[in-house]
2 protein chains.
Amino acid sequence: MVVSPSSTEEVSEIMKICHRRKIPVTGYSGGTSLEGHYAPTRGGICIDFGRMNKILKLHKDDMDVVVQPAVGWELLNEVLAKDNLFFPPDPGPGAMIGGMVGTGCSGTNAYRYGTMREWVMNLTVVLADGTIIKTRQRPRKSSAGYDLTKMFIGSEGTLGLVTEATLKVTTKPNTTSVAVCSFGSIKQAADCVGKVVTEGVPIAAIEILDDNQMLSINKSGMTTKKWLEEPTLFFKFAGTPNAVKEQISIVQKLAKATGSKTFEFAKNAEEQVELWSARKEALWSVMAMREKDGDHVWTSDVAVPMSRLPEIIEETKADLAKSGMFASIVGHVGDGNFHTIILYNDTQRQTAEEVIHRMTKRAVEMEGTVTGEHGVGLVKRDYLNHELGENTVDAMRRLKFAFDPLCLLNPDKVVRVEKPKPGEVSEW
Amino acid sequence: MVVSPSSTEEVSEIMKICHRRKIPVTGYSGGTSLEGHYAPTRGGICIDFGRMNKILKLHKDDMDVVVQPAVGWELLNEVLAKDNLFFPPDPGPGAMIGGMVGTGCSGTNAYRYGTMREWVMNLTVVLADGTIIKTRQRPRKSSAGYDLTKMFIGSEGTLGLVTEATLKVTTKPNTTSVAVCSFGSIKQAADCVGKVVTEGVPIAAIEILDDNQMLSINKSGMTTKKWLEEPTLFFKFAGTPNAVKEQISIVQKLAKATGSKTFEFAKNAEEQVELWSARKEALWSVMAMREKDGDHVWTSDVAVPMSRLPEIIEETKADLAKSGMFASIVGHVGDGNFHTIILYNDTQRQTAEEVIHRMTKRAVEMEGTVTGEHGVGLVKRDYLNHELGENTVDAMRRLKFAFDPLCLLNPDKVVRVEKPKPGEVSEW
């Protein structure tokens with residue numbers, strides 16, 4: 001059963017009934033999550049927030065905006081742009097505030113602006129028993145009591161249902177630009193990133209696309225430009241006109257010193273859009289390569305300490321090459337976070353699973369995390385023990401039981417609350 | 001009894017004994033907190049982290065550093081400076097990492113760099129029963145499971161004892177500068193801040209000092225310069241040389257347009273130190289005004305939505321003037337956060353309490369918070385109900401009971417776990 005409430009009070013009434021009758025509840029907003037977050041495991045009802053899609057109040061002078069959970073970040077930014085404002089977190093297209101809070105999402109802007117965690121001022125949340133709480137009023141910072149706001153961010157709908165959020169917004173940068181620069185190897189590209197980051201150049205974003213990704217973009221014909229099929233860095237710059245000019249010239253020098261083959265930067269708005277288009281079309285270009293029934297695309301992400309990034313990307317690429325599947329790599333390289341985009345057929349399902357398993361294990365062994373921005377959902381949940389240790393996962397379980405003792409809210413996500421059956425969890 | 005452990009394992013052993021014997025435990029590091037955080041309310045033992053004062057490992061390429069709780073932020077920055085790195089959170093002098101995690105501190109750098117919450121990658125924590133957990137490995141970002149790191153930040157030692165922390169660090173800005181500019185009224189100064197913030201000038205800090213504060217600095221003779229005794233804005237700039245120059249010229253124009261009387265900016269490093277000295281000596285200059293036995297200084301802080309700041313400062317100043325006590329105001333004005341520094345005598349204790357009570361209430365009524373960066377400790381804890389509502393405080397209490405069911409860790413702080421006796425909580 002899908003229920004479509006229109007207010008916080010209605011969500012509260014629904015939860016009171018479900019609590020009394022012990023009915024599991026799964027929340028749903030944009031539906032763009034990648035780890036099975038909204039797949040109900042025990043039946044029950046789905047709360048579709050689709051009707052709660054209003055931007056309730058923009059406080060321009062306070063630089064914040066109050067929204068309902070089914071507001072998409074792209075629409076929000078269109079509205080904010082009229083007042084020269086913007087909201088930085090930029091996950092996949094179609095994502096909505098409710099789910100963005102749930103996964104603790106980020107995107108290409110995280111390097112400069114931080115993740116969802118840094119942009120939420122308060123949340124109105126309906127708890128498992130229907131109780132309504134608001135985590136905070138509207139100060140831009142606070143040290144008053146436990147930080148419940150941040151506790152709910154990234155909790156994947158397992159501790160409460162977000163029915164309203166006040167988000168920080170910021171002023172749109174005065175000037176922006178884009179530069180694209182290709183290298184002979186991932187290692188060289190990573191060296192360039194290291195130099196730019198440690199030099200303290202305040203760039204807005206640095207993304208890496210590997211040779212396969214550039215090939216796939218050329219092949220798809222989704223951009224007007226043809227690209228060198230080499231590991232490529234995409235830089236975004238933002239600031240005053242002079243600052244942007246200065247940043248580009250510093251980055252160009254650093255790129256040359258680390259062996260860049262090409263360095264192109266946008267001289268106007270159209271060129272900016274053109275240069276960034278390859279980054280924008282990355283996922284879609286691989287999707288376009290699906291040819292026959294049973295062809296799918298699997299996107300997974302991990303993050304490691306910055307210095308380990310070239311190593312893990314190279315090892316993962318070698319593993320993927322051996323697997324016989326086509327795959328590309330796209331990374332938020334300034335955060336040590338990257339995605340594999342794997343094209344596989346139903347017949348290769350197990351091979352794909354195994355490659356991703358090995359990549360995840362590699363990240364954990366390099367002091368990294370099983371997911372930088374997608375969340376753990378149903379599968380990666382079982383990796384948490386390896387990443388963090390049993391005691392830490394037990395502490396997470398305490399949190400779950402404290403807020404949802406009957407395990408009604410998105411059950412079986414984030415942490416298991418029942419011991420797995422023999423064979424249910426694959427070997428590490 | 002004061003216990004001085006030298007390792008995480010020793011802290012765990014101590015907690016196992018205290019858990020078995022139900023002995024309350026209060027942690028202690030720098031001792032600079034302002035809200036009675038480390039005052040034991042039920043006897044028990046104090047864990048002094050003084051011997052755990054090592055910087056364990058600097059990962060330059062990953063831009064992070066692993067430290068023990070009794071490392072001070074000033075010392076840490078001295079060490080980091082050798083590698084051109086720095087750690088932004090800058091609370092009161094003497095504060096140490098353990099306590100800084102506990103209060104979720106911030107300081108003048110928060111406007112540009114965020115608070116303590118944004119700079120901790122992981123924590124090693126000893127729980128109430130002696131269990132050791134590490135909240136995360138070392139990726140710069142992660143969406144893997146509940147965000148226990150942020151749950152412990154700002155929990156004032158009531159959910160666990162921090163024995164190790166991995167902190168993000170950043171590159172020291174290439175160039176910095178300072179500008180000071182005085183106005184005829186708080187309102188004009190606040191208008192200037194609003195313009196600078198909404199224009200998106202990426203300044204490093206904006207601080208406001210009121211007329212009384214400037215008077216007190218002149219009177220104390222703690223700076224070489226004499227100052228206009230008017231509401232004064234202190235700006236810090238950081239970036240490349242050209243960016244800093246550009247920022248100063250934009251801010252100068254905006255200041256003039258909002259009625260600044262003076263605008264001075266530093267042309268070299270010495271002038272920078274001189275211009276910033278007034279901000280640095282603010283608290284000490286009021287401390288120096290204590291004349292007789294029983295004279296004290298009381299610092300309290302609140303935060304409100306940015307647009308309400310001039311109003312709350314003016315109302316609070318009027319209230320303070322009526323009270324007959326000398327008091328100054330210093331604000332992290334870009335965050336809507338300010339401090340009153342009240343000079344009072346034992347005989348004026350109740351008057352001081354009442355003024356602070358009214359200021360706190362004013363902040364809550366303006367959709368603000370009872371503390372922007374000091375934490376709630378013992379007294380402001382009872383304001384949380386008014387700021388957040390009973391249901392939200394109950395949710396906080398669930399968290400406390402989930403992690404410390406015997407209430408051994410810094411009992412009576414953040415939330416009450418027992419009903420107050422009649423008359424114990426003053427009226428709202």
Side-chain angles (χ1 to χ4, degrees), chain A residues 61-62 103-104 106 110 114-115 118 131-135 137-148 150-151 154-155 171 173-174 194 198 200 202 240 242-243 246 303-307 335-337 367-376 384 387 391-392 395-396 398-399 402-403 414, chain B residues 61-62 103-104 106 110 114-115 118 131-135 137-148 150-151 154-155 171 173-174 194 198 200 239-240 242-243 246 303-307 335-337 367-376 384 387 391-392 395-396 398-399 402-403 414:
Chain A
D61 293 342
D62 298 325
T103 42
S106 41
T115 72
E118 279 73 70
T131 304
I132 300 166
I133 66 171
K134 189 170 170 183
T135 58
Q137 298 202 89
R138 289 197 302 111
R140 281 182 90 75
K141 70 180 197 192
S142 173
S143 278
Y146 303 131
D147 197 340
L148 298 178
K150 292 207 164 55
M151 184 187 81
S155 70
T171 306
N174 188 302
T198 54
T240 57
N242 285 335
E246 200 179 15
V304 291
M306 259 193 303
S307 66
D335 301 315
N337 179 208
E367 293 185 79
T369 177
V370 302
T371 170
E373 55 183 25
H374 293 174
V376 293
L384 285 179
E387 178 181 336
N391 285 343
T392 304
M396 291 184 178
R398 282 193 204 198
L399 203 56
F403 282 87
V414 185
Chain B
D61 293 343
D62 298 325
T103 41
S106 41
T115 73
E118 279 72 70
T131 304
I132 300 167
I133 66 171
K134 188 171 170 182
T135 57
Q137 298 203 90
R138 290 197 301 111
R140 282 183 89 76
K141 71 181 196 192
S142 173
S143 279
Y146 302 132
D147 197 340
L148 298 179
K150 293 208 164 55
M151 184 187 82
S155 70
T171 306
N174 189 301
T198 54
T240 57
N242 285 335
E246 200 179 14
V304 291
M306 260 193 303
S307 66
D335 301 315
N337 179 208
E367 293 186 80
T369 177
V370 301
T371 170
E373 56 181 26
H374 293 174
V376 293
L384 285 179
E387 178 181 336
N391 285 344
T392 304
M396 291 184 179
R398 281 192 204 198
L399 204 55
F403 283 86
V414 184

Practice problem: Show your reasoning for whether side chain to side chain contact (heavy atoms under 4.5 Å, CB included) applies to D62(B) and E367(A). | Solution: CA-CA 11 Å; D62(B) 298 325; E367(A) 293 185 79; over 6 Å; no
Selection from [options] maximising heavy-atom pairs under 4.5 Å formed with chain B:
options	value
G372(A), G375(A), P202(A)	G372(A)
G114(A), A402(A), S142(A)	S142(A)
T131(A), T171(A), D335(A)	T171(A)
N174(A), V376(A), T135(A), V414(A)	V414(A)

Pick from [options]: which one has the most heavy-atom pairs with chain A under 4.5 Å?
options	result
R398(B), H374(B), E118(B)	R398(B)
G145(B), G239(B), P173(B)	G145(B)
A144(B), G104(B), S106(B)	A144(B)
A243(B), A110(B), G200(B), G368(B)	G368(B)
K150(B), R140(B), M151(B)	K150(B)
S155(B), G336(B), G154(B)	S155(B)

Practice problem: Side chain from CB out, backbone as N, CA, C, O: work out which of these in P305(A) comes under 4.5 Å of a heavy atom of chain B, or both, or neither. | Solution: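 P305(A) touches chain B through backbone and side-chain heavy atoms alike.
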Quiz item: By a 4.5 Å heavy-atom criterion (distance strictly below it), what part of T198(A) contacts chain B: side chain, backbone, both, or neither?
Solution: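 Both backbone and side chain.
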Quiz item: With a 4.5 Å heavy-atom cut-off, do D61(B) and M306(A) have their side chains touching?
Solution: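 Answer no - side chains too far apart.
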Quiz item: Any sub-3.5 Å donor-acceptor pair from T392(A)'s side-chain atoms to I133(B)'s backbone N or O?
Solution: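 The answer is no, because no donor-acceptor pair under 3.5 Å joins these two groups.
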Quiz prompt | Residue that, paired with P139(B), satisfies side chain to side chain contact (heavy atoms under 4.5 Å, CB included) out of T369(A), V370(A), V304(A), T371(A) | solution =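 Passing option: T369(A).
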Quiz prompt | Region of E246(B) that comes under 4.5 Å of a non-hydrogen atom in chain A | solution =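 Side chain of E246(B) only, per the 4.5 Å heavy-atom cut-off to chain A.
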Exercise. Sort N242(B) into side chain, backbone, both or neither according to what part of it lies under 4.5 angstrom from a heavy atom of chain A.
Key: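 For N242(B), backbone and side chain are both near chain A.
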Quiz item: Of the non-hydrogen atoms in L148(B) and L399(A), which two are nearest, and what is the gap between them?
Solution: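 Closest approach of L148(B) to L399(A): CD2-CD2, 4.3 Å.
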